[in-house]
Amino acid sequence: MTALATDPADSQFTTFEVLTHQASEHLPEKLNSKGKPLINFACGALAGGIATTGSFPFDVMRTRLVAQGEPKIYRNVVHAIITMLQTEGPLSFWKGLTPTLVQIMPNAGAQFAFYRLFQGLWNYCFQHEATASPGECFYSGFD
């Protein structure tokens, strides 16, 4: 990983936890109890989108620096930032964000929905005093 590369996974988990906490406080109780998989998916998708949007300028700069041919357009990171701002404006740091979000958000949503499902399964099956059947373990992951 280069100095310009960022890993949005750290911020994704934090954002996911904050969003699910806010959802549990502000959504109706019926939706909170019956719609956990959907809430986890939506919060995971939003967390992935937020993290990607925040790290995207670094990815754009890294891609431009690595993919430039000869003669070099950018001498270094600072030159790339200044040139991009002067010639294309500040939105140039987010070029290509929409298709990236279309790819990332459903993936992140599914990732976090399954994360919570398996977290619930683990807690119910291995940290539960009573012996649970496989069916009970599966359905408990949705709680």
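Atoms considered below: every heavy atom in the structure, side chains included; atoms not considered: hydrogens, waters and symmetry mates.
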Contact between S11 and I50 at the side-chain level, heavy atoms closer than 4.5 Å - yes or no? no
Counting N and O atoms only, with roles assigned by atom type, does the side chain of Q68 sit under 3.5 Å from a partner on the main chain of I73, one being a donor and the other an acceptor? yes
With sequence neighbours excluded, what pairs up with E17 under the side-chain hydrogen bond (donor to acceptor under 3.5 Å, both in side chains) test? R116
In Å, rounded to the nearest 0.5 Å, how long is the span from CZ of F56 to CZ of R62? 10.0 Å
Scan residues 91-111 for pairs that pass salt bridge (charged side-chain N to carboxylate O under 4.0 Å, His left out), counting only residues two or more places apart or in two chains. E88-K95
Please list, chain by chain and in numerical order, all residues satisfying side chain to side chain contact (heavy atoms under 4.5 Å, CB included) with L101, sequence neighbours excluded. T52, T53, L97, M105
If you group Ile, Leu, Val, Met, Phe, Trp and Tyr by side-chain heavy-atom gaps below 4.5 Å, do F16 and I104 land in one group? no
In terms of hydrophobic clustering (I, L, V, M, F, W, Y; side-chain heavy atoms under 4.5 Å; direct or indirect links), are L85 and F58 co-clustered? yes
To the nearest 0.5 Å, atom CD of Q111 lies from atom CD of Q12 at 6.0 Å
Rounded at 0.5 Å granularity, tell me how far CD in Q103 sits from OG1 in T98. 13.0 Å
Going through the checks in order, is the side chain to side chain contact (heavy atoms under 4.5 Å, CB included) test met by I39 and C43? CA-CA 6 Å; I39 291 169; C43 291; 4.0 Å; yes
Take W94 and V60 through the test side chain to side chain contact (heavy atoms under 4.5 Å, CB included) and record every step on the way to the result. CA-CA 7 Å; W94 287 274; V60 169; over 6 Å; no
Classify the angle between the aromatic ring planes of Y115 and F112 as parallel (below 30°), tilted (30 to 60°) or perpendicular (above 60°). perpendicular
Side chain of S92, backbone of G89: donor and acceptor closer than 3.5 Å? yes
Does atom CZ (F114) have a neighbourhood of more than 12 heavy atoms from anything else shown, all under 6.0 Å? no
How far does OG1 of T15 sit from CD of Q22, to the nearest 0.5 angstrom? 12.0 Å
What do the steps show when you test I81 against Y74 for side chain to side chain contact (heavy atoms under 4.5 Å, CB included), and what is the final call? CA-CA 9 Å; I81 292 169; Y74 309 112; over 6 Å; no
Rounded to the nearest 0.5 Å, the CD1 atom of I82 sits from the CE atom of M84 at a distance of 12.0 Å
